[in-house]
There are 2 protein chains.
Amino acid sequence: MEHSLKEFFDRALKEVSLDCTVFGFHEGELKVLLLRWKGIDGWSLPGGHILLDESVDDAANRILTQRTGLDDVFLQQFYTFGNVNRYVYHPEKELLEKMETTFGKGFFDGIIFRRVVSIGYLALVEFDQVQPTPDWFTDECRWWSLADVPHLLFDHNEMIDRALKALRQRIRNQPVGINLLPEKFTMPELQRLYETILGRQFDRRNFQKLLMSYDILERLDEKRIGAANKSPYLYRFVKEKYERAAAEGVSFTM
Amino acid sequence: MEHSLKEFFDRALKEVSLDCTVFGFHEGELKVLLLRWKGIDGWSLPGGHILLDESVDDAANRILTQRTGLDDVFLQQFYTFGNVNRYVYHPEKELLEKMETTFGKGFFDGIIFRRVVSIGYLALVEFDQVQPTPDWFTDECRWWSLADVPHLLFDHNEMIDRALKALRQRIRNQPVGINLLPEKFTMPELQRLYETILGRQFDRRNFQKLLMSYDILERLDEKRIGAANKSPYLYRFVKEKYERAAAEGVSFTM
DNA sequence: TTTTCAATGCGTAAATTTTACACAAAGAAA
DNA sequence: TTTCTTTGTGTAAAATTTACGCATTGAAAA
């Protein structure tokens, strides 16, 4: 990493940033990945700036890989945030001062942030596969339940709200489960995922009927054992069929 | 207008721009508003840069008003374009040289465009109400039928493609007609608008049934006379009801 | 070992929504 | 007056979505 921001921004865009809302699904809850900044006491979404020779999509993938250790995940732009007062939640000046305390006087020399527009990306990852990795800028990297998300820096609470709305829209046309669940899962687990994202309950039998009608799932000869009830079958997505469905679009009508 | 770009960019973001795909509906066709640049022989979407004290949405409205003379129109962000090679279609260097020929040597002094990310906006306007107004940068301002759109500067052809896709999606959840049609219109006119946008035909009777079921249209006691056939009734959107429907979302299921 | 309890697997009937379709009437033009 | 094109209207069939019950499984409790 460079010793000064200036060196970094000689290679990157200053007025545009990119923030990822990373969703995971664990113990029947939707979680979001947040970072605690070094030096200042505040949480935010993982984000970063775009290198000059890198497309915005590439930048999103790079940042996500650096942050979660994951590659090749669902990652789509959903909205670009450009309010004048995006920084109002934590005045920039105060923030810069605190960071200079941490990183040393002169850290910001040659750099003036006039204003930053941020491109919001929505990422869906398999919770168990993620290795949250705090970096040079970050003290801590943690999953939060949506309900518990604290007051974040900048406009990042608004970003999460919009990301969730975007997710709710996209789940209706794309078979999103493959991105949030492990390789093998039961039908009730898949249903709980849908119920959690959409905030509604579905009829067990109708849900199974609809999902199977997409012809993207395969029932395995294995069952999940251990619980005090009838053991449910395990399913998995059939990759080729899934990809065709994702391209053509499904319609989740419940 | 400033005499140098530098003066302008002292007050505006350089690395972010904004381009509007402005759709209008005329003679049963979907049209898009394009500009021909002064100095260089090329067409593009109307766009511009964002002032430092102006939100991105405000900038879009300002640019659109300057360009079309219209205020208070449907205007929504749909995608942000950030490929490294966005300018590949018309190499920036060549473009700058031509512009210096037109605007005078030194026009670009103090300004280096490293790279520009552009936020795409979708605008829907009433064709007859628009007064296309070429500005200082622009030789000509003209409506083009979608099928006839020429090869545009930068990635603007791709922008129109994506804007149309976005429009097709949004027409399914928002009663978009009000933005593209004049105050009063006939049911066949409304149907033709939907058919044009979606590129499909609908049954006349089912279309009327569905649109009336939204409870946002009012049939007037007037008819459109003049054509060699039975005179169709005129309809109009009932504003309050329309706004409630737009907020809650309709579902155009055909 | 037996019983209990909670969750799963499976199929059919009812309700709702979407699609298909035909004929009479209006109005300008021939 | 006739012709021609387009509009206004309602109902039946098809498809989709919703509602719902019972037998079975497997761990835990008795």
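If you're wondering where the values come from, they're calculated on a predicted model, not measured in any experiment. A, B, ... follow the sequence lines: proteins, then strands. Residue 1 opens every chain.
- Taking the six-membered ring for Trp and the full ring otherwise, Phe252(B) and Phe202(B) have centroids separated by under 6.0 Å.
- What you find for Ile119(B) and Gln77(B) is that their closest heavy atoms are CG2-CG, 3.6 Å.
- Ring-centre distance between Phe154(B) and Trp37(B): below the 6.0 Å cut-off.
- The CZ atom of Arg224(A) sits 12 Å away from the P atom of dG9(C) (whole-angstrom rounding).
- Of all the residues in residues 187-206 of chain B, Pro188(B), Arg204(B), Arg205(B) reach under 4.0 Å from DNA chain D with at least one non-hydrogen atom.
- To the nearest angstrom, P of dT17(C) lies 18 Å from CE of Met212(B).
- Residue Leu152(B) comes nearest to Ser44(B) through the heavy atom pair CD2-N, 4.4 Å, listed as atom of the first residue, atom of the second, then distance.
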Tabulate protein N/O versus nucleotide N/O from nucleotides 26-29 of chain D, keeping only pairs under 3.5 Å, one per line.
residue : atom : partner   : partner atom : Å
dG26(D) : O4'  : Asn229(A) : O            : 3.2
dG26(D) : N2   : Ala228(A) : O            : 3.2
dA27(D) : O4'  : Ala227(A) : O            : 3.3

Full working for side-chain contact (heavy atoms from CB on, under 4.5 Å) between Leu167(B) and Phe78(B): CA-CA 9 Å; Leu167(B) 173 57; Phe78(B) 68 92; over 6 Å; no

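- Separating the NZ atom of Lys209(B) from the P atom of dT7(D) is a distance of 17 Å, rounded to the nearest angstrom.
- Applying side chain to side chain contact (heavy atoms under 4.5 Å, CB included) to Gln191(A) and the options Glu195(A), Met187(A), Glu189(A) leaves one that passes, Glu195(A).
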Worked check of salt bridge (Lys or Arg N to Asp or Glu O under 4.0 Å) between Lys241(B) and Glu243(B): CA-CA 5 Å; Lys241(B) 294 188 174 179; Glu243(B) 275 161 8; over 6 Å; no

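- With distances taken from any side-chain atom of Arg219(B) to the nucleotides dT11(D), dG8(D), dT18(D), the minimum falls on dG8(D).
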